[in-house]
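Throughout, protein chains are lettered first and strands after them, A, B, ... in sequence-line order, and every chain is numbered starting at 1.
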Number of protein chains: 2
Amino acid sequence: MVTIADVAQAAGVSISTVSYVMSGKRAISQETRVRVEHAIDKLGFSPHAGARSLASRSTNVIGLQAPLRSGVDVHVVMQIVTGVVTQARKHGYDILLLASDDAKALERAARASMVDALLVMDVESDDPRIDTLTGLEHPSVLIGLPAGRRAIPCVDFDFEAAGWLAVDRLVALGHRRLALIGSPPEVMARHTSYADRLARGFLAACEASGVVGTVHPCPSSADAIDTVEAVVAGDPAITGFFVHNEGALPHVAARLVELGRTGAQPLSIVALCPDDVARSVPGLADSIAVPAEAIGAAATDMICEILAKAAKPTVRLLPPALTGNASTTRK
Amino acid sequence: MVTIADVAQAAGVSISTVSYVMSGKRAISQETRVRVEHAIDKLGFSPHAGARSLASRSTNVIGLQAPLRSGVDVHVVMQIVTGVVTQARKHGYDILLLASDDAKALERAARASMVDALLVMDVESDDPRIDTLTGLEHPSVLIGLPAGRRAIPCVDFDFEAAGWLAVDRLVALGHRRLALIGSPPEVMARHTSYADRLARGFLAACEASGVVGTVHPCPSSADAIDTVEAVVAGDPAITGFFVHNEGALPHVAARLVELGRTGAQPLSIVALCPDDVARSVPGLADSIAVPAEAIGAAATDMICEILAKAAKPTVRLLPPALTGNASTTRK
DNA sequence: TTGAAAGCGCTAACAA
DNA sequence: TTGTTAGCGCTTTCAA
C-alpha cells in the first residue's frame, strides 16, 4: 500500500506538505506542488479513508436509508437514489446504503462514525426515526414531508401543488367531474404524507374550481382495472382522470382509453409519474413529472450545504410541471 | 464521543480487554465480560469505524456497483440490491453504493481502503472493469456471467437453463412453433450476456425438441405491441410465447390474451420475471421467476466467504423454476 | 513556505 | 486471564 510517507519521500518533502498539497489548506510553492503531485500520480496514491476520518473526524460519506421493501414505487426510488449518488459524488461524498428501515441502523452508522450525515427516505409523520435523528449529532435531511414538528430539514416534490395543477388542466379541458386514481389502499390507509397531500391539493382545487372531485385508492396490479370499472359505474359522468399509481398506470390508462373510444364522451387522463414511465404508456400524452432524480439531487445539495455550514435547515418542495399535451380520447 | 478508553475506565479494565471482549479473539472471564458489556451498553459505545479500519486493515464494507442508468430492469436491479444489502448485514458488512459504472470508481474505493471487497453488477464480456478488478488486491464477485477468461468469480441466474425450461413447458402444452419475445434491441445488439444465454438455451431446446423457435427483440414500452403484431403476422402458426422483458410484459401479455381470445387457436405464455411482477400481470399464470433477491444474497455470501478465506472463487448459477399453471388462452 | 510531532481511536503483538 | 504499548496513515498545531 502506498502511504503519504512514500509520497513525501519520493517528492523530497515532509508528510505535512503532502497533506497540505492535497487539502489546499495552506500556501504551497508552485515548484513543491508540482513535485508532490507528480509523486502522487506516479505512485498512484490514494489516502486511506479510515486514517483520514480518524484524523479529520469526518468521513466524506453520507448514509442513505432507502425503502427497499416492496409496495413502493420502484422507479421513483431508483431515480431518487441515482440523484443522490450522482450529486453526492459531485460534492466529494460517497453513499453508504442502509437497508433495514429502522432507527437502529441510523444510530449505528452515526455513532460508529461511518457517515457525516444521514439522508432518510420514506418517512411517515409519526416515524420513530425522526426522534432518533433529532437526538443524533449528525445532520440529516428527510426526503419526504412528514406532518408534525418538522425539526429536520425536508426535501420533497410538491404533491399538493401537483393536485392543483392536474385539476386546473382537466378543468381547462372542459371536464366537470374528476377522479383521482391514487395509491394502493395500504398506502392511503397509513396516511402516507404524499398521498394525503396530493388528495388535499386535488380536492381543494376541485372545490375552488367548482367541480366535483373524488379520490379512489387503487391496487398496483392488474386489479387496478376493477377500480376503474367501479369508479365509472359509480358515476358515469366522470370524464377527467388524474392517475397517481405507477403500477396501475398502464392498466388504468389502457382501460380508460378503451372506455373513451367506446363511451359517450371524451375522457382525459393526467398521470403523475416519472417522465420515462409516462412515455412508455400508450394513449397518455398529458402528465405531471415526478422529478425523482432532482429530488435526490436537491436533498443531497441541502445536506452538503448543511455540512459545509453554508445553509440553514429548511423545507424545500420542488414545484410540479405539466408535460405533453392532453390525451383527450375522443369518441 | 464515547471511546474505548471511556469504556475501559468505566469497567475498570484495560482497553485491550474491551477490544477483546468485542472481538472475542481471546478468552475473557465471565465476570469481566459482563462488566465490560455493561459499560458498553451504559455508555452507548460504538467503535469508531475509521480507527478500526486503520488498525485492523479491514473496513467491513463491501462496495457495490449497481447500474442506476435506465434501460435496465428496475425491479430486478432493486431486488438484487436488496438481497445484497440484507445479506451483507447478516455477515456484518455494510454496503457502499458506487454509482458511475466506470472502472475508476472501483479503483478509487479499493485504493482508498474504503471497502474490503467489490460486487459488480451488469458486467459485459469485454467490460474494462474486469481488467481493473483483476489488477486490484481486493477480492470481487461479478453479478452476471461475462464470456471470456472468467478470472473473477460470478453469480448469476442460469438463463440458459431457463430457456430450456420454458421450451419444455410450452412443448408439453402442445405448442410446436415458439417465439421468444426478448430484451430491447439495444440490449440484444450489444450481446448482453444474459440475453444471449437465454436465446441460446431457448433455441437449443427448440432444436432438441424438434420444434420451431424464433427470437425477437422487443422495446420495453407500449411499442412492444407492434412486435407482437409483427411476430404473429410473420408466422400465424406460432402459439407458444416466452416473454422476457419486464417493461413490455404487460402490453405483450394483454395483446396475446386478446389474440388468444379472438384467434383460431389457444396460445400459451411463459414469462421470465420476478415473482411479484408476474403476479401483477393479468392472464399470466405461468412464469419462471428471476430470483433476483436470491442472486444478490448468493453473490454476497460468496464474497463474504472469500473474505473469510472459506471459499474458492467459482461460478455459481442459480437454477430456474417454474411457477403457477399454464395460462393457455382458450378460444 | 516548509517541517516536526502530537494525537485521532482502535487492534494485536508482546509481556506478565 | 489480563495489561502495556507500538503502531495503523492521516490531519493539524506549533515552530522555524
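For the pair B:R57 and C:dA12, the criterion of a side-chain N or O lying under 4.0 Å from OP1 or OP2 is not met. For B:K25, a side-chain nitrogen or oxygen approaches OP1 or OP2 of C:dA12 to under 4.0 Å.
Atom OG of A:S16 sits about 13.5 Å away from atom NZ of A:K25, to the nearest 0.5 Å. Residue B:R89 holds its CZ atom at 4.5 Å from CG of B:D94, rounded to the nearest 0.5 Å.
Checking side-chain atoms of A:S53 against main-chain N and O of A:G50 turns up a donor-acceptor pair under 3.5 Å. Although no hydrogens or angles enter the test, the distance criterion places a donor-acceptor pair under 3.5 Å between the side chain of B:T59 and the main chain of B:D116. The backbone N or O of A:T3 lies less than 3.5 Å from a partner atom in the side chain of A:D6, making a donor-acceptor pair.
Running 5' to 3' along DNA chain D, contacts with non-hydrogen atoms of chain A at under 4.0 Å begin and end at D:dG9 to D:dC14.
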Might you list the N or O atoms of the protein lying below 3.5 Å from N or O atoms in nucleotides 13-16 of chain C, with each pair's distance?
residue: C:dA13; atom: N7; partner: B:Y20; partner atom: OH; Å: 3.3

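Here the side chain of A:T32 is nearest to one of C:dT11, C:dT1, C:dG9, namely C:dT1.
For A:M114 and C:dG9, the CE to P distance is 17 Å, given to the nearest whole Å. We find that CZ of A:R111 is positioned 16 Å from C1' of C:dG9, with the value rounded to whole Å. Counting to the nearest Å, the P atom of C:dG7 and the NE2 atom of B:H48 are 17 Å from each other.
Every residue two or more places apart in sequence or in another chain that forms a side-chain hydrogen bond (donor to acceptor under 3.5 Å, both in side chains) with B:H75 is listed here: B:E246. A:F159 is linked by a ring-ring contact (aromatic ring centres under 6.0 Å, His included) to A:F157, A:Y194, A:H244, counting only residues two or more places apart in sequence or in another chain.
In this structure, B:D127 pairs ionically with B:R129, as a charged nitrogen and a carboxylate oxygen lie closer than 4.0 Å.
Within the nucleic acid shown, A:S29 comes within 4.0 Å of sugar-phosphate atoms alone, with no base atom in reach, counting heavy atoms only. Across all strands shown, A:I15 has heavy atoms under 4.0 Å from base atoms, whether or not it also approaches the sugar-phosphate.
Of the residues B:L145, B:L317, B:L142, B:V141, the one that meets the side-chain contact (heavy atoms from CB on, under 4.5 Å) test with B:V155 is B:V141.
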Less than 3.5 Å apart, which donor and acceptor atoms pair up between the side chains of residues 299-313 of chain B and the rest of the protein, not counting sequence neighbours?
residue: B:T300; atom: OG1; partner: B:G296; partner atom: O; Å: 2.7
residue: B:D301; atom: OD1; partner: B:Q87; partner atom: NE2; Å: 2.9
residue: B:D301; atom: OD1; partner: B:H91; partner atom: NE2; Å: 2.7

Discussion item. Run the side chain to side chain contact (heavy atoms under 4.5 Å, CB included) test on A:T134 and A:R149 for me, step by step, so that the C-alpha distance in whole Å, both residues' side-chain angles and the decisive distance to 0.1 Å come before the verdict.
Written reply: CA-CA 11 Å; A:T134 311; A:R149 187 133 358 273; over 6 Å; no
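For the helix from C:dT1-D:dA16 to C:dA16-D:dT1, the end axes, each set by the C1' atoms of five terminal pairs, are bent relative to each other by 40° (nearest 10°).
Along DNA chain C, the nucleotide nearest to B:F45 and the one nearest to A:I28 differ in position, and the one closer to the 5' end is contacted by A:I28.
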